[in-house]
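Inspection log for the structure reproduced underneath, given as structure tokens.
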Amino acid sequence: QRQLVESGGGSVQAGGSLRLSCAASGATISSRCMAWFRQAPGLEREGVATIYTSGGSTWYADSVKGRFTISQDNAKNTLYLQMNSLKPEDTAIYYCAARPLWARCPDTVSPLTFGAWGQGTQVTVSS
């Protein structure tokens, strides 16, 4: 059974950094679109970054461009999100998500287009 498990969240001050990890089991992260989403209280879940794990093409939300980096380690079957220069508005629960094997990343990054999800990890940034 495929499982995604996020880790690495925590509390940091503005300007700090965190690296989130998403360990996959039961299925490879290779050759599919993988993504990070986040959801703040009272707001909809929004896409943060995507990567097509064969070829490495990436997409970032404008709000995180230049600060966040999505990457993969196929040998560890793990997806990462390096978050630098964190801001209070980055506070949210961060989720890892996956599309089916060979499915590329959609032009519009919507939670509806991802079928597998992790349980989420809390990121809190204080000013």
Side-chain angles (χ1 to χ4, degrees):
Q1 183 175 353
R2 180 173 56 189
Q3 192 174 15
L4 301 173
V5 179
E6 301 97 334
S7 61
S11 297
V12 296
Q13 289 192 326
S17 297
L18 286 173
R19 188 176 81 154
L20 306 183
S21 299
C22 171
S25 60
T28 178
I29 66 168
S30 300
S31 304
R32 69 177 80 231
C33 180
M34 299 289 297
W36 287 97
F37 285 79
R38 67 186 181 186
Q39 188 165 19
L43 299 180
E44 293 186 351
R45 193 169 297 190
E46 64 173 354
V48 173
T50 66
I51 186 168
Y52 185 67
T53 55
S54 287
S57 59
T58 57
W59 168 89
Y60 296 94
D62 287 343
S63 57
V64 306
K65 211 171 285 185
R67 300 187 298 121
F68 290 11
T69 303
I70 189 171
S71 63
Q72 67 198 79
D73 185 331
N74 289 345
K76 295 182 178 180
N77 213 29
T78 299
L79 182 75
Y80 300 100
L81 185 68
Q82 178 66 44
M83 305 186 296
N84 298 329
S85 302
L86 282 161
K87 303 175 180 180
E89 51 263 43
D90 294 319
T91 295
I93 299 174
Y94 284 71
Y95 299 90
C96 169
R99 298 198 77 202
L101 190 63
W102 305 118
R104 291 190 172 271
C105 295
D107 291 335
T108 300
V109 182
S110 164
L112 299 176
T113 58
F114 289 80
W117 293 86
Q119 83 290 348
T121 186
Q122 176 71 47
V123 171
T124 302
V125 185
S126 57
S127 57

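Here, residue 1 is the first one in the sequence, and each next residue gets the next number. These figures come from a predicted structure and were not determined experimentally.
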Exercise. Does Leu20 share a hydrophobic cluster with Phe114, counting links as ILVMFWY side-chain heavy atoms below 4.5 Å and allowing steps through other members?
Worked result: no
For this session: For Ser127 and Pro88, work out which heavy atoms get closest and say how close.
Result: CB-CG, 3.9 Å
For this session: Any chance you could measure Ser63, atom OG, to Lys87, atom NZ, to the nearest 0.5 Å?
Result: 8.0 Å
Seminar exercise, completed: Shortest non-hydrogen pair, Trp36 vs Ile70, comes out as CD1-CD1, 3.6 Å
Exercise. Which pair of non-hydrogen atoms, one from Ser71 and one from Leu79, has the smallest distance, and what is that distance?
Worked result: O-CD1, 3.3 Å
For this session: With rounding to the nearest 0.5 Å, note down the distance linking CG in Leu4 to CD in Gln119.
Result: 9.0 Å
Exercise. Is it true that a side-chain atom of Asn77 and a backbone atom of Ile29 form a donor plus acceptor pair closer than 3.5 Å?
Worked result: yes
Problem set entry | ring pair (Phe, Tyr, Trp, His ring centres under 6.0 Å) partner of Phe37, the single match among Tyr95, Trp117, Tyr94 | Trp117
Seminar exercise, completed: salt bridge (charged side-chain N to carboxylate O under 4.0 Å, His left out) pairs touching residues 24-40, sequence neighbours excluded, are Arg38-Glu46, Arg38-Asp90
Seminar exercise, completed: What one should report as the nearest heavy-atom pair of Ile51 and Gln72 is CD1-OE1, 3.2 Å
Exercise. Can you check whether Ser31's main-chain N or O pairs, donor with acceptor, with Thr53's side chain at less than 3.5 Å?
Worked result: yes
For this session: Grab the two heavy atoms, one from Ala92 and one from Gln122, that are nearest each other, plus how far apart they are.
Result: O-NE2, 3.4 Å
For this session: Could you tell me whether a side-chain N or O of Ser30 sits under 3.5 Å from a main-chain N or O of Thr28, the two making a donor and an acceptor?
Result: no
Exercise. If you round to the nearest 0.5 Å, how far is OG1 of Thr78 from CE of Met34?
Worked result: 9.5 Å
For this session: Check whether any side-chain N or O of Arg99 sits under 3.5 Å from a backbone N or O of Cys33 as a donor-acceptor pair, and report yes or no.
Result: no
Problem set entry | Straight-line distance of Met83 CE to Arg19 CZ, nearest 0.5 Å | 11.5 Å
Problem set entry | Transitive ILVMFWY side-chain link Tyr60 to Tyr52, under 4.5 Å | no
Exercise. Between atom CG of Leu101 and atom OG of Ser54, what is the distance when rounded to the nearest 0.5 Å?
Worked result: 8.5 Å
For this session: May I ask whether Val64 and Val109 are part of the same hydrophobic cluster, defined by side-chain heavy atoms of I, L, V, M, F, W, Y residues being less than 4.5 angstrom apart, directly or through others?
Result: no
Exercise. Between Thr121 and Glu6, is there a donor-acceptor pair closer than 3.5 Å when you use the side chain of the first and the backbone of the second?
Worked result: no
Problem set entry | Closest heavy-atom pair and its distance - Gly120, Ile93 | CA-CG2, 3.8 Å
Problem set entry | Test side-chain contact (heavy atoms from CB on, under 4.5 Å) applied to Cys22 and Tyr80, step by step | CA-CA 6 Å; Cys22 171; Tyr80 300 100; over 6 Å; no
